[in-house]
Protein chains: 2
Amino acid sequence: MGLDVCVLPDAGMSPKITGELLRLLRNAMRNCKYVSEPIQAYIIPSGDAHQSEYIAPCDCRREFISGFNGSAGTAIVTEQHAAMWTDGRYFLQASQQMDNNWTLMKMGLKETPSQEDWLISVLPENSKVGVDPWIIAADQWKNMSKALTSAGHSLVAVQDNLIDVVWTDRPERASSQLRILGLEHAGVSWQDKVTALRGKMAERKINWFVATALDEIAWLFNLRGADIEYNPVFFAYAIFGMNSIRLFVDLKRLSDPALRDHLQLDSPSRPDMSVQTFPYESVYTELQAICAALGPKDKVWICDKASCCLTQVIPKPHRTPIPYTPLCLAKAVKNPTEVQGMKRAHIKDAVALCELFAWLEKEIPKGTVTEISAADKAEELRSQQKDFVGLSFPTISGVGPNAAIIHYGPLPETNRTLTVNEVYLIDSGAQYIDGTTDVTRTVHFGTPSAYEKECFTYVLKGHIAVSAAIFPNGTKGHLLDSFARAALWESGLDYLHGTGHGVGCFLNVHEGPCGISYKTFADEPLEAGMIVSDEPGYYEEGAFGIRVENVVLVVPAKPKYNYRNRGSLTFEPLTLVPIQVKMMNTELLTQRERDWVNEYHRRCRDVVGAELERQGRQQALEWLIRETQPIV
Amino acid sequence: MGLDVCVLPDAGMSPKITGELLRLLRNAMRNCKYVSEPIQAYIIPSGDAHQSEYIAPCDCRREFISGFNGSAGTAIVTEQHAAMWTDGRYFLQASQQMDNNWTLMKMGLKETPSQEDWLISVLPENSKVGVDPWIIAADQWKNMSKALTSAGHSLVAVQDNLIDVVWTDRPERASSQLRILGLEHAGVSWQDKVTALRGKMAERKINWFVATALDEIAWLFNLRGADIEYNPVFFAYAIFGMNSIRLFVDLKRLSDPALRDHLQLDSPSRPDMSVQTFPYESVYTELQAICAALGPKDKVWICDKASCCLTQVIPKPHRTPIPYTPLCLAKAVKNPTEVQGMKRAHIKDAVALCELFAWLEKEIPKGTVTEISAADKAEELRSQQKDFVGLSFPTISGVGPNAAIIHYGPLPETNRTLTVNEVYLIDSGAQYIDGTTDVTRTVHFGTPSAYEKECFTYVLKGHIAVSAAIFPNGTKGHLLDSFARAALWESGLDYLHGTGHGVGCFLNVHEGPCGISYKTFADEPLEAGMIVSDEPGYYEEGAFGIRVENVVLVVPAKPKYNYRNRGSLTFEPLTLVPIQVKMMNTELLTQRERDWVNEYHRRCRDVVGAELERQGRQQALEWLIRETQPIV
């Protein structure tokens, strides 16, 4: 699933009535219980205190106040106005979900003012603009504050979230059971990960590291939770010193003896590996206490995307913001156990998908399969596989024109029936205890048109160009993005999303610091052991959508020469699901591309075929064998 | 010539004796005539007050104080130390040119401290670090000042350049005669360019624009100078208001009546198009006066690479720094007259090079041709062409291992004889009144080895991949860089420089804001009418160097489809010099690549052949016809 891909609303499309809510919010903006002086504007960003991509229901504050539930958007409420900034993916959806108390600010259009410019144009002189400092990232705070100050206003931190004040039925913050990831899955003990982290800290003369990203904390402690749908993480912070480890988490979660044993809470083996536990909420005061005791040269690492609130606790001379934390970097390079786990997960996932496609082929002609029932079937088949935990993101299941909506998720009111006349795109994935999957296949159950085949073939050429690319060690993923587009460009086509994202191992399906996208320059170089997706596409509005996505592992390559001894890398597909030959115009493929397809299908047949046989899934096996016939 | 390519010293290789100079400089650092309080360190950047890439002899201050004359380097002198930061291209050269008063700081190596870190480590507490605010760019000042301040030191502007204080025989600043570029060459009058500039200013509500880059000023006024070798520019500043134009230049240069007429100095046609002239040095006080009279909402544009001194004259609330000025952007898109001029210039340049190669072929077996004499011959042949002004950069002429030094320029002590046994690389170009050229060819006058041919062919494949690429309007050049490398990467090879740079029209051979390089992300999108170089290479240390470079024009392309009506672009080669077939392993070329070569050679033969015939250059014509035989 692409980084730009997100979910359509699962609520209906009638706008939320927000007049009364906005009145209450504006009261709170003047209420001295919450603000020392009235504020003239209140900013409601998306996101939670950990800057998570997916957020828990209790953190959907922007959706609550506006009705708009797209994945990206920032609301600003002043005494007179309520405005919502979102990007082109969501113009239609936002306009349908918000009532006329709201003004939609279409980002990316020339005439749309920035949030700063708009605020400056509507605010009375010397205004105060409030924001929850836990939700806004430090760099966003800085930019906003600068712009407002230069226009005579000020940005103020409002400690009580004013949406929570008016949100009477706000859900509780989840506190799901924690799951211990044994060494057989994690590969490296959390103690060894702490030791490696401290090595990095010592190298850079850093004394403390504040971890705020939920997937980094889960990864480090070899723990998983279920606090956020699709993401096996749990709400926590952690602070690492050279001799201490502080974990901030709902303490009720730590009653399980196995968990206490895993973290060695009761019998610490070594003082420097002893985890001290604190309530989740006490991270602020504890970090304050640490900072109060800093030596003059002590330095504290914190991600530059962490919350403004926590960042500003660290006095500036001691603060060392970093774009990617050492945990983010270490997590991205999968260890051999994780790689084996990812491979196993992808084989199981392929079994489920082979079954799905064999089933679809049989059922579609009956006219009973819809986008939703196909997605449900995919989930059902995956759930039969060993160590299945859940989906890794909401299934994108779209037929005909629906698949041209890049971030489409079927709703009862948009749900189309699969037929033998239209192209079907399914982008889906799951969390297994041994790994995370994410695969897109585009198939036709009748006869695709010449144009559909042509477009599919260009997309496939792009997919192969990335997957088969050989490139020097140290190359950043964004340098490979154009390879995925060259064949489309040559015919005047393109797709408006990135080509790939990092994939976690039984963790978030989107993770940094690597990826393949023209949009970034700040990605970290690809390294053997990193795992990314390779997913070019083509979308013809009102007609069809095409995407071919594999998850691929970065592996060493051995080309003929070795310039400057740098070594080379390439990709090995982890996803092993046949790519539909019926959709290809094989005449447009070069011999090397045909060889790639045949070699890929041979591996699918060998590896997944063996597992299908082991599981006794005969019908899917027959489908697999038929679908992996060599092309000429 | 690549952006990373620069000149070897033309002075000998014995180090400069700098002990006495450093003593004098350190005296000046304590002399209250120049500094209100003694400074503990003095920074000597490369560059002039206009942040020019090539600089005039009077601005070679870092070379004067250290002896090191590479194109990139920053010297810092403290009471105890003298240190020079430069990059990998210059480690050897710098170590040979500097005596042991100097410490070489090898940039890019892990153990090398940054200038800031080094200063902080060697300075006594509360030190003052001085720099000439005219030479340091505003953003560099900001970073350095921040780092020093956070460590308890301060960065101070020293108005008198302390190198000039000790440089008793410093050359005069050149004040060459100005040349008027008629409409038949410029295509657009300077008045129309001013009108367009003011349109951009009005669009962004900007009241003033300070032009500091020499090529932008030359371009705007349709004037050319010769103040800096290879660059037809002249020392000047300009300040544009909505109703006024101020030009700061040595007033002695404006005595020529034709020039006064061109600028309408004596009989201004319209008050808002009246150029007021001021002495070059008065830009500071004049800008101060303008800024003193600014209205509260007035805004001033200045390039963020302009000098700290001039930037800081503009009060911060009024200052709007921009990465690329509207002149830089307008200059990059050549108008039809400029395109025609560039085409003419490239045909003349090709005539000279065909002659050169025909001559070399005949002369080399005699053993009398050296790298230097070949370069001289190239210059002689170019100078026979109409409207020749001079070279556009120092000729890179290297045979065998010398060509593997990317920035090689032959010196008497390194000069090798051309033979039939080694690969010869010549990267050269000229300034003609109608355009600027820059071309690299790599040739063998005997029989190249299979390995040399293989490497050449990969480089050629990269050259063709860029040249023939079709890409959507709005694509930035850096997205094409990997196309140039894919064939090399596949065999484990690469080159460590960018693939292309913008080329001026009878202006600097390197210009922004476009280019083709993995190193930048801040380039502006390619547009029809832009002109860049396409020059991948391969360099095998101690053996040979290969580069294939054409200057290419961005032109509209018409592929089969037109996604979202964006339109597509591709490149048209302006350079029309045969690419040596003898160096190709044609078996490694695809049919499409062979077709490209044949079509390119057909154009060389048609276009340049006609001109050779017109000029009666029979021998070169025969060579051209032979060298452009189709390959199969």
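Numbered from 1 within each chain, the chains take letters A, B, ... in sequence-line order.
- Salt bridge B:Glu490/A:Arg592: present, at least one basic N to carboxylate O contact under 4.0 Å.
- Counting heavy atoms of neighbouring residues, nucleotides and ligands inside a 6.0 Å radius, atom CD of A:Glu587 does not exceed 12 of them.
- The neighbour count for A:Lys200 NZ, taken as heavy atoms of other residues, nucleotides or ligands under 6.0 Å away, does not exceed 12.
- Interface check for chain B: of the options A:Gly567, A:Ser568, A:Gly492, the most heavy-atom pairs under 4.5 Å are formed by A:Gly492.
- A:Ser491 and B:Pro559 make their closest contact through C-CB, 3.6 Å (heavy atoms, listed as atom of the first residue, atom of the second, distance).
- Residue B:Glu541 places its CD atom among 12 or fewer non-hydrogen atoms of other residues, nucleotides or ligands, all under 6.0 Å distant.
- Relative ring orientation between A:Phe483 and B:Trp489 is described as perpendicular, the plane-to-plane angle rising above 60° on a 0-90° scale split at 30° and 60°.
- Considering only residues two or more places apart in sequence or on other chains, B:Tyr561 meets the ring pair (Phe, Tyr, Trp, His ring centres under 6.0 Å) condition with A:Tyr451.
- The interface of residues 465-473 of chain A with chain B, defined by heavy-atom distances below 4.5 Å, comprises A:Ile470, A:Phe471, A:Pro472.
- For B:Tyr538 and A:Tyr563, the distance between ring centers is under 6.0 angstrom.
- For a residue to count as touching a neighbouring chain, one of its non-hydrogen atoms must lie under 4.5 Å from one of that chain's; by this rule A:Thr570 does not touch chain B.
- In terms of heavy-atom pairs under 4.5 angstrom with chain B, the leader among A:Asp494, A:Leu493, A:Leu479 is A:Asp494.
- Using a 4.0 Å cut-off between a side-chain N of Lys or Arg and a carboxylate O of Asp or Glu, B:Arg564 and A:Glu540 do not qualify as a salt bridge.
- In terms of heavy-atom pairs under 4.5 Å with chain B, the best-connected choice from A:His478, A:Glu454, A:Lys316, A:Lys558 is A:Glu454.
- Looking at A:Arg485, neither its backbone nor its side chain comes within 4.5 Å of chain B, counting heavy atoms on both sides.
- Heavy-atom contacts from other residues, nucleotides or ligands closer than 6.0 Å to CZ of B:Arg204 number 12 or fewer.
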